[in-house]
Amino acid sequence: MNKDQIKGQAKNIGGKIQEKVGEAVGSRQQQREGLSNQAEGKVQEKVGDVKDIVNKGNR
């Protein structure tokens, strides 16, 4: 795993937690921010996946 994959997973998990907290307290803004963070995390994780593929091809 590279740093983009790790950071992406962490952001995704944090976003899931934020979304659930938003649901629990009735804050749609927190839910939206949580969903946004999940999307950002997934994108960052995919960037890391691509970097891994490229790096493995250069070996």
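These numbers were taken from a predicted model, which means no experiment stands behind them.
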Table please: side-chain donor-acceptor pairs of residues 16-25 below 3.5 Å, with sequence neighbours left out.
residue	atom	partner	partner atom	Å
Q18	OE1	N37	ND2	2.8
Q18	NE2	Q30	OE1	3.0
Q18	NE2	E33	OE1	3.1
E19	OE1	Q38	NE2	2.8

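- Take V54 and apply the side chain to side chain contact (heavy atoms under 4.5 Å, CB included) test, not counting sequence neighbours, and it matches V50, N58.
- Between the side chain of N12 and the backbone N or O of K42 there is no donor-acceptor pair closer than 3.5 Å.
- Residue pairs meeting the salt bridge (Lys or Arg N to Asp or Glu O under 4.0 Å) criterion with at least one partner in residues 43-53, sequence neighbours excluded, are D4-K51, K46-D49.
- Hydrophobic cluster membership of M1, counting Ile, Leu, Val, Met, Phe, Trp and Tyr whose side-chain heavy atoms lie under 4.5 Å apart directly or via other members: I6.
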